[in-house]
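A short worksheet on the structure shown next.
These figures come from a predicted structure and were not determined experimentally. Chain identifiers are assigned alphabetically (A, B, ...) following the order of the sequence lines, protein sequences preceding nucleic acid strands; residue numbering begins at 1 within each chain. Note: hydrogens, waters and symmetry copies are ignored here, and every other heavy atom, side chains too, is used.
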2 protein chains.
Amino acid sequence: MDRTDQSLIALRRILRSTELYTRDLASAAGLTPAQLRVLQIVSGKGGTATPKELSKQMGVSQATVTALVDKLVARGHVARERSDVDRRQTNVNITARGRAAVAEAPDALQQRYVKAFEALEGWEQMMLVAALERVAGMLDARDLDAAPVLAIGDIGSSSVPH
Amino acid sequence: MDRTDQSLIALRRILRSTELYTRDLASAAGLTPAQLRVLQIVSGKGGTATPKELSKQMGVSQATVTALVDKLVARGHVARERSDVDRRQTNVNITARGRAAVAEAPDALQQRYVKAFEALEGWEQMMLVAALERVAGMLDARDLDAAPVLAIGDIGSSSVPH
DNA sequence: GCTGTTTCGTTCGTCTATCAAAGTAAGTGG
DNA sequence: CCACTTACTTTGATAGACGAACGAAACAGC
């Protein structure tokens, strides 16, 4: 087996672990994975976001975002509010309850990862960061012209410094 | 920002790129992501697998596998066959058409990644493989049966402590 | 042999995620 | 004020996912 295959297998293991884990995580928090993602994004943007932003960030249609926000509103995790600056826009604001749900999400996978990561030597941490960023850059759709789906959203412009 | 955050951000970028891409890939192949995954697994196991194996490998219930296989059967990508050794079991066999679908899946992300990876110097490839496997190991506490891999080696530099 | 238990797969009912298309409401530029 | 665009929602459809209940086959233990 060559190194390319090895790297692909390792990537698939990473993907699989996180995918399986996301389901556990969300269900433990009483939310579905997609709903949790919405909450996390809203929370990460300082507690408010528009459906448009969510749609872009998540790579799904606005119709889907509407449905997800409906559910979160029904459960009291977020509240809708008409924007004053542009009344076509709706602000999706996280509630105290929503914040609590995000905070209390028993993020065992991430905790395990963080713990393992922080147990490493400094030079190993740097090596891993460099490698992960390298791989992320290799996968990033930024330069692809012919992939409309991937062109959705400003990948990284909000959260990934370069 | 500390190195832990940097590594988490890079990981999320990797996850996001692949997740968005999977949808594009599957739709171009005329399949849904879940259906394509079934086909890929069956194909990877030599052309036949049981629902139980698929369920385990994919991390979904058997009921879900049944539904997915139903769809693939309807489209002629796989065929069911009763096992002779244990007649409770059903073998899901890939058809020529199924193989073609897997082979023709325009796996642009992977191709793009492979191309970038293979353009790297040998030592860089080794570094990335070591790093990815390291991360996979940190995330992947349970099932090791998913991939035919392998204890993480050190990368040739003699002093990787653990 | 029998009888109870486990395993494998399926069926059924239900919920969520998702989209495309059509609709509504609000801003923008003649 | 009219046409156009933008932001969001509604509607109707399909797919994915689960748990519960089920039949069939294998496997116990006598």
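For R99(A), the side chain to side chain donor-acceptor pair (under 3.5 Å) criterion is met by no residue, not counting sequence neighbours. With sequence neighbours excluded, the residues that form a side-chain contact (heavy atoms from CB on, under 4.5 Å) with V114(A) are Q110(A), E118(A), T4(B), L8(B). Considering only residues two or more places apart in sequence or on other chains, D86(B) meets the side chain to side chain donor-acceptor pair (under 3.5 Å) condition with R88(B). Qualifying side chain to side chain donor-acceptor pair (under 3.5 Å) partners for T66(B), counting only residues two or more places apart in sequence or in other chains: none. Applying the side-chain contact (heavy atoms from CB on, under 4.5 Å) rule to R87(A) yields no partners; only residues at least two apart in sequence or on another chain are considered. Here T64(B) pairs with S61(B) under the side chain to side chain donor-acceptor pair (under 3.5 Å) rule; sequence neighbours left out.
We find that CD of Q62(B) is positioned 15 Å from P of dA20(D), with the value rounded to whole Å. When rounded to the nearest whole Å, the span between NZ of K52(A) and P of dC8(D) equals 8 Å. L54(B) has its CG atom 13 Å from the P atom of dC8(C), to the nearest Å. One can place CG of N91(B) at 9 Å from P of dG9(C), the figure rounded to the nearest angstrom. Spacing between atom CG of D70(B) and atom P of dT10(C) amounts to 7 Å, rounded to whole angstrom units. Rounded to whole angstrom, the span from the NZ atom of K56(A) across to the C1' atom of dT6(D) amounts to 12 Å.
In this structure, T95(B) contributes its side chain and H77(B) its backbone to a donor-acceptor pair below 3.5 Å.
Using a 4.0 Å heavy-atom distance criterion, T66(A) is classed as a base contact.
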Find every protein N or O atom lying less than 3.5 Å from an N or O atom of nucleotides 21-29 of chain C, and list the pairs.
from	atom 1	to	atom 2	distance (Å)
dG27(C)	OP1	R87(A)	N	2.8

Report each atom pair, protein N/O against N/O of nucleotides 14-17 of chain D, whose distance is under 3.5 angstrom.
from	atom 1	to	atom 2	distance (Å)
dG16(D)	OP1	T32(B)	OG1	2.0
dG16(D)	OP2	Q35(B)	NE2	3.3
dG16(D)	OP2	K71(B)	NZ	3.4

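Legend: salt bridge (Lys or Arg N to Asp or Glu O under 4.0 Å) pairs involving residues 58-71 of chain B, not counting sequence neighbours, sorted by first then second residue: D70(B)-R80(B).
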